[in-house]
Amino acid sequence: EYEEKTGRAHKPLSPKQNVRKNLDFEPLSTTALILEDRPANLPAKPAEEAQKHRQQYEEMVVQAKKRELKEAQKRKKQLEERCKLEESIGNAVLTWNNEILPNWETMCCSRKVRELWWQGIPPSVRGKVWSLAIGNELNITHELYDICLARAKEKWRSLSTGVAEVEGEDAGFSAADREASLELIKLDISRTFPNLCIFQQGGPYHDTLHSILGAYTCYRPDVGYVQGMSFIAAVLILNLDTADAFIAFSNLLNKPCQMAFFRVDHGLMLTYFAAFEVFFEENLPKLFAHFKKNNLTPDIYLIDWIFTLYSKSLPLDLACRVWDVFCRDGEEFLFRTALGILKLFEDILTKMDFIHIAQFLTKLPEDLPSEELFTSIAAIQMQSRNKKWAQILAALQKDNREMEKGSPSLKR
Amino acid sequence: MAQKEVLGTPPEGIHPTYPYKVVLLGSTSVGKSSLAYRYVKNDFKESLPTVGCSFFTQMLNMEVATVKLEIWDTAGQEKYQSVCHLYYRGAHAALLVYDITNKETLNRAKLWLRDLEKEFLPDEIVIALVGNKVDLAAEREVATEEGEEFARTRGLLFMETSAKSNYQVNDIFMAIARELLQREQEKARAPSPHGRSTVTLGESRVRTGCCRL
């Protein structure tokens, strides 16, 4: 295509029309120069003028050629980059499949794997890696999933036929409560990634999402269904088979941070926020002071981000990359990501007041650039005075417990 | 505060701006986010379930002042209730939203009212009871009179709305803004018993039902 275009530029073209038409002419492409003779009814140009015009024309052609060459080079470079990226993804898939996954236990913590991991897991192996990284501490089997699902289906049936239920092991959770929860699941499924059009009524994954959430409320009636869960289950469904998605879902929610949030353990949530603020102040002191001054507490933006693991607030592909490293590094990466986002937008956030910051952070720009975000996250240090996330969190939890013991009147 | 005195006796040419925090409370899926979205963007789309809180702002140019409404749209699920407590602290107004096609949601709104009454003195906060989804009249479970009567006995503003068909959404926020400004003026007048109370935008504290068409 490139040669064809430059080849055309060698044809003798008349400069006149372009000069006449547009004095500010900039040759965007040599194909824009049209061959045209001077109309016969006009007197001939003086030789000097003709010479000048020819010269101008030649300059234009030279410029146009230069520009086209540059563009062609840029295109070639882009193509090369794309090929390189595709090749590196292809290579990464091979590395993951042939080297890392078969030797998971020994390799998963190696430096090389950690680096590859940071760059994002190729979609074709993502589910497998997530499953392995999340683990199955709860020892959930496919059979257990089937049992929970069967129980959920029984409940849906008895609810729809109005048959009174025999109070079983989950007595204490009122029938109305359970009904509300099942109703809510139905409602929320259609509100989960609505623009993907796959979880809505009639969509290919509608029943899968319904099943996993229903089965979970039977597996953990003490936790039940909490809004935000539908997004987590949906992301897992996009990467795993149903039963494996359920296993990953239940184990993921069983992690201390997720349990604190999904049980809405207010005191513990506040401890997480306090730990977050330690690293916030350490990494972004100026913005931290600005937030303090405006009374902007972390719950305003962290609740949504942590509950849905960013799947509702970041573009889906970017959210999956956050999940990748979250599976590698655990809960602290969720808070590190939050600081990465704040760092990325530090300059504009510093100029905003409370309500505008709140609006901005609860509805992030849709075109958030993934490489820039990850560069920004990489720059966040998760060490404060030689203490790591887990140490800071544990110390704060201990303080809380002691405070509660010391002054029982302050107990909530 | 200096600003408030200005409102009591507004000198020529001064048009103060008042920021007010307005919080939307109610069961899940009664249309809190949709009401806020309709009011601020004048559009309707299916909202994602709100986790935590989302935020909107709207400026209103009223006769005596500019009002800046900072709207806090909270999560509806009951389990989030302890989190929502964080959000209504310091609110100037609250909209208790229920769904007219679901009786249970009105009961829930009543529980929210109980919580608010524990937290605020009556003159600290403007509360409106809002029955949304009147576009679904065929499925109605709560009669207009029922909501209205409850609001009247408790001294709340009351309106039925539809975010979907854009019915009275603007009106309810406007009614709240008016009530907030009026209270501001009453407060400004109160400390000076000698001041002449010539401006009366409304006679009674209890203004229930006044907004119904």
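A, B, ... follow the sequence lines: proteins, then strands. Residue 1 opens every chain.
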Exercise for the section: Could you tell me if the ring centre of A:F280 sits under 6.0 Å from that of A:F291? Expected result: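 For A:F280 and A:F291, the ring centres are under 6.0 Å apart.
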Problem - Residues that B:K103 engages under side-chain contact (heavy atoms from CB on, under 4.5 Å), provided they are two or more places apart - result: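 Per chain and number, B:K103 pairs via side-chain contact (heavy atoms from CB on, under 4.5 Å) with B:E141, B:V142, B:E146.
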Exercise for the section: For A:T297, enumerate each residue passing the side-chain contact (heavy atoms from CB on, under 4.5 Å) test, keeping only those at least two apart in sequence or located in another chain. Expected result: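 For A:T297 the side-chain contact (heavy atoms from CB on, under 4.5 Å) partners, ignoring immediate neighbours, are A:D299, A:I300.
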Exercise for the section: Might you work through the side chain to side chain contact (heavy atoms under 4.5 Å, CB included) test for B:Y80 and A:V226, ending with a clear yes or no? Expected result: CA-CA 8 Å; B:Y80 280 116; A:V226 182; 3.9 Å; yes
Side chain, backbone, both or neither: which part of [X] has an atom under 4.5 Å from a heavy atom of chain A?
X     : value
B:E46 : side chain
B:K21 : neither
B:L48 : both

Exercise for the section: Mind checking ring pair (Phe, Tyr, Trp, His ring centres under 6.0 Å) for A:W305 and listing every partner two or more places apart, or none if nothing turns up? Expected result: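 Listed in chain order: A:Y301, A:Y310.
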Problem - Interface residues of residues 24-38 of chain B facing chain A - non-hydrogen atoms under 4.5 Å apart - result: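 If one takes a 4.5 Å heavy-atom cut-off, the residues of residues 24-38 of chain B near chain A are B:T28, B:S29.
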Practice task
With a 4.5 Å cut-off on heavy-atom pairs, point out which of A:T308, A:D304, A:L361 contacts chain B the most.
Solution key: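 With the most close heavy-atom pairs to chain B, the winner is A:D304.
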Handout entry: Among the listed options A:F360, A:F262, A:Y225, the residue most often paired with chain B at heavy-atom distances under 4.5 Å
Key =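 The residue among A:F360, A:F262, A:Y225 with the greatest pair count is A:Y225.
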Problem - Proximal component of A:D353, with respect to chain B [non-hydrogen, under 4.5 Å] - result: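 Contact with chain B involves the side chain of A:D353 alone.
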Practice task
Below 4.5 Å from any heavy atom of chain B, which atoms of A:F354 appear? Answer side chain, backbone, both or neither.
Solution key: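 Just its side chain gets close to chain B.
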Test: [X] and [Y] ion pair at under 4.0 Å:
X      : Y      : result
A:R263 : A:D265 : no
B:E186 : B:R183 : no
A:E277 : A:K292 : yes
B:R114 : B:E119 : no

